[in-house]
Number of protein chains: 2
Amino acid sequence: MNILSYGLLGLLTRDESSGYDLMLRIQPHWQAKHSQIYPILSRMEDDGLLSARWVEQTDKPDKKMYRVTDKGIQKLLDWMYTPVSTPALRDELNLRMICFQVTNPIVMKRWVDERRDWFESRLAYYEALLANLPEEAVQPGSPYFGEYIVNTKGTMTAKTGIEWCHWVNGLMNAHYQEREATRTH
Amino acid sequence: MNILSYGLLGLLTRDESSGYDLMLRIQPHWQAKHSQIYPILSRMEDDGLLSARWVEQTDKPDKKMYRVTDKGIQKLLDWMYTPVSTPALRDELNLRMICFQVTNPIVMKRWVDERRDWFESRLAYYEALLANLPEEAVQPGSPYFGEYIVNTKGTMTAKTGIEWCHWVNGLMNAHYQEREATRTH
DNA sequence: ACAACCATGTAAGCGGTTACATGATTCA
DNA sequence: TGAATCATGTAACCGCTTACATGGTTGT
């Protein structure tokens, strides 16, 4: 039972869902592909944590709908009282930055601009998720409160990222304009 | 050649270093264990990207010092012109949050407090790294400029994290104080 | 004595990505 | 006709973690 398994179990405490739908719903909080999710669901079914039924559809392909069992809920509750792990920092941009001196500042400018675009798309993504939440989500008693606070975390992180990109660009511009000025004198 | 390999190559363009030292230097930017780094260095040596020599020490165990070769520098330069990948978001706390409704708000309060402590230790860590950089690091022309901006990114991210934790605690407190007030009436 | 730090390695196993494989429906 | 979305699976491979393994020095 890895972390992703518990996340899927958690989503299934809300609604009966298909593997495909779970993949889409877990994406904003934990990046996972269908090839990882389907085997996990099968194994949890074998272990009696989930029950499943096939639902026939006419307009779309048939799907397998999963539901949590009591045993699954118990497993989830046990997890709640274990320590929460902290995320490992592993961003390629960091490594690019620490060895950018082997090349020129133009490539660095492009990395920062691309990253700013990415942060902006992330910001729009989390804002859209927040907009789609029911109004009651802002109340700590709501079942959507968790989504509300993690999506807000997403927007805050994205905003900080954008801010950082602007800051780096500002430093670069100031430096190279100054150099340009001294050269023309 | 994975991302970590290029990061090690980049660090080695500055100084000749041992595997142990590289492990310590890469940690702030890319979390990696010695068991992953040593085999990578061996393979890069076999591929002619690095050269190595053993240095005898009297007070400490002997160490193997690595240096980048011209072929290694070329490999690093090629990498500089490939697209930068974006980090995958995978934080256990997010998954805990989205299924916290199966349990009580007390456990959630503990997760947030623990995470705030972690962010605070991260902040102190990056501030210490910044303090140890030479003054010239703030100049985009300095070889330490990359370190300066990524460590600053670390402090900004940590500060945002702390802010978020306070915000969540504020929401929780307001809600449960209000509930307490209505109950005593 | 014991812990902490320095220093280097190997092996097993898990988590995640990429690619392979199939197939229906809808829309441009 | 071709691309996009829905839908489910398997197999190979890579990256990273955990554990195993060794051994010297320094400080409490």
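Fair warning: this is a prediction, and the values are worked out from it, not measured in the lab. Labels below follow one simple rule: chain letters A, B, ... track the order of the sequence lines, proteins then strands, and each chain is numbered from 1.
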Less than 4.0 angstrom between a side-chain N/O of [X] and OP1 or OP2 of [N], yes or no?
| X | N | value |
| --- | --- | --- |
| Arg90(A) | dT17(D) | yes |
| Gln36(A) | dG15(C) | no |
| Gln31(A) | dG16(C) | no |
| Trp54(B) | dA7(C) | no |

**Asked** Quick one: OG1 on Thr69(B) to CE on Met44(B), what's the gap to the nearest 0.5 Å?
**Response**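 Here the interatomic distance stands at 10.0 Å.
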**Asked** When rounded to the nearest 0.5 angstrom, what distance separates SG in Cys99(A) from CG in Leu76(B)?
**Response**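 That separation rounds to 5.0 Å.
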**Asked** Any link between Tyr125(B) and Ile162(B) through a network of hydrophobic side chains (Ile, Leu, Val, Met, Phe, Trp, Tyr) touching at under 4.5 Å?
**Response**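 No, because Tyr125(B) and Ile162(B) fall into different hydrophobic clusters, even though each may have its own neighbours under 4.5 Å.
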**Message:** I want to confirm an ordering. Mapping Ser35(B) and His34(A) to their closest nucleotides on DNA chain D, which one lands closer to the 5' end?
**Reply:**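 The residue closer to the strand's 5' end, by nearest nucleotide, is His34(A).
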**Prompt:** More 5' along DNA chain C: Lys63(B) or Ala32(A), using each one's nearest nucleotide?
**Reply:**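 Whichever sits nearer the 5' end wins; that is Lys63(B).
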**Prompt:** Is any side-chain N or O of Thr58(A) under 3.5 Å from a base N or O of dT25(C), one able to act as donor and the other as acceptor?
**Reply:**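 Result: no qualifying N/O pair found.
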**Prompt:** For the side chain of Ser18(A) and the base of dT8(D), is some donor closer than 3.5 Å to an acceptor across the two?
**Reply:**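 Side chain to base: no pair below 3.5 Å.
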**Request:** With heavy atoms under 4.0 Å as the rule, sort Lys33(A) into base, sugar-phosphate or nothing.
**Result:**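 Touches a base.
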**Asked** What about Trp167(B) and Tyr148(A), are their ring centers closer than 6.0 Å?
**Response**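 Yes - the distance between ring centres of Trp167(B) and Tyr148(A) falls below the 6.0 Å cut-off.
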**Item:** Leu24(A) CG to dC6(D) P, straight-line distance once rounded to whole Å
**Value:**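 Taking atom P of dC6(D) as the reference, CG of Leu24(A) is at 7 Å.
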